[in-house]
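Note sheet for the following structure.
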Amino acid sequence: MNDAALQTRAREITVDEVFPHAPETIWKTLTSGELMARWLGMVPSDFAPVAGNRFTYQTTPAGEWDGTIHCQVLEVIPNQRFAYSWKGGHEGNAGYGSLLDTVVTYTLEAAEGGTRLRVIHSGFVLPRNDSTYRNMSNGWGTVIARIGAVTGEQEQ
């Protein structure tokens with residue numbers, strides 16, 4: 001194996017969507033633990049949209065990893081920007097459940113007819129996180145659609 005093959009690469013997943021809802025309504029969907037559980041499909045434990053707050057999600061365990069995703073709120077600018085760390089996996093695992101140390105950032109800005117929501121999940125280290133990166137690349141598209149659906153239900 002040559003030096004180039006041994007190098008790691010950092011990747012991010014970006015999803016950009018415009019919704020016909022006010023930023024305040026989308027913000028509520030993004031920062032309410034009850035609503036997060038509906039669009040993300042995992043219930044956050046001990047969540048609060050306060051910088052420094054630590055919370056967890058529970059997903060399917062794999063190998064030496066217990067399935068706990070450890071998060072910490074990094075930034076909160078109401079109706080504009082929300083970011084948290086997303087860490088999980090185990091160094092002894094390959095593929096699903098490999099060590100993961102990433103950040104999820106939601107940015108909201110007014111757009112014609114509603115709000116542009118941009119989600120960036122950054123920090124995937126390839127090749128270690130290849131399978132997680134592939135799975136979550138597909139998954140975030142589905143999640144963003146559910147954010148729109150859950151937000152729309154609030155306005156009915």
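Annotation: side chain to side chain donor-acceptor pair (under 3.5 Å) contacts of His121 (sequence neighbours excluded): Thr102, Trp140. Taking the side chain to side chain contact (heavy atoms under 4.5 Å, CB included) definition, one finds that Leu99 meets it with Glu91, Arg128, sequence neighbours left out.
Applying the side-chain hydrogen bond (donor to acceptor under 3.5 Å, both in side chains) test to every pair with at least one member in residues 39-50, sequence neighbours left out, gives no pairs at all. Among residue pairs with one or both ends in residues 60-74, those qualifying as side-chain hydrogen bond (donor to acceptor under 3.5 Å, both in side chains) are Arg54-Gln72, Gln58-Thr68, Asp66-Thr68; sequence neighbours excluded.
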Counting only pairs under 3.5 Å, give me each side-chain donor-acceptor contact of residues 22-29, with atom names and distances, residues two or more places apart or in other chains.
unit_1, atom_1, unit_2, atom_2, d
Thr29, OG1, Thr25, O, 3.2
Thr29, OG1, Thr151, OG1, 2.8
Thr29, OG1, Gln154, NE2, 2.3

Give the table of side-chain donor-acceptor pairs shorter than 3.5 Å for residues 104-111, with sequence neighbours excluded, one pair per line with atom names and distance.
unit_1, atom_1, unit_2, atom_2, d
Tyr106, OH, Tyr84, OH, 2.9
Thr107, OG1, Arg81, NH1, 3.4

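Asn135 CG to Asp130 CG: the interatomic distance, rounded to the nearest 0.5 Å, is 10.5 Å.
Residues Ala48 and Val73 approach most closely at O-CG2, 3.6 Å, considering heavy atoms. Of all heavy-atom pairs spanning Phe82 and Leu30, the tightest one is CE2-O, 3.8 Å. Heavy atoms only, all atoms of each residue included: Tyr57 and Pro44 are closest at CE2-CB, 3.6 Å. When all heavy atoms are compared, the tightest approach of Ile144 to Phe19 is O-CZ, 3.5 Å. When all heavy atoms of Trp86 and Met42 are compared, the pair lying nearest together is CH2-CE, 3.7 Å. Nearest approach of Gly95 to Ser131, heavy atoms of both residues: C-OG, 3.0 Å.
At a threshold of 4.5 Å between side-chain heavy atoms, the hydrophobic network of Ile, Leu, Val, Met, Phe, Trp and Tyr places Ile147 and Val43 in two separate groups. Leu117 and Val103 sit in two unconnected hydrophobic clusters of ILVMFWY residues. Membership requires side-chain heavy atoms under 4.5 Å apart, directly or through other members. Hydrophobic clustering keeps Val18 apart from Val15 (ILVMFWY residues linked when any side-chain heavy atoms are closer than 4.5 Å, directly or through intermediates). Grouping the Ile, Leu, Val, Met, Phe, Trp and Tyr side chains by contacts below 4.5 angstrom, directly or via other members, places Met36 apart from Ile77. By the rule that hydrophobic residues join a cluster once side-chain heavy atoms approach within less than 4.5 Å of another member, Tyr133 and Leu40 end up as members of one cluster.
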#### Entry: Test log, rule side chain to side chain contact (heavy atoms under 4.5 Å, CB included), inputs Phe124 and Leu100
CA-CA 7 Å; Phe124 294 92; Leu100 187 66; 3.8 Å; yes
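Of the possible polar contacts, one joining the Asn129 side chain to the Val125 backbone as a donor-acceptor pair under 3.5 Å is found.
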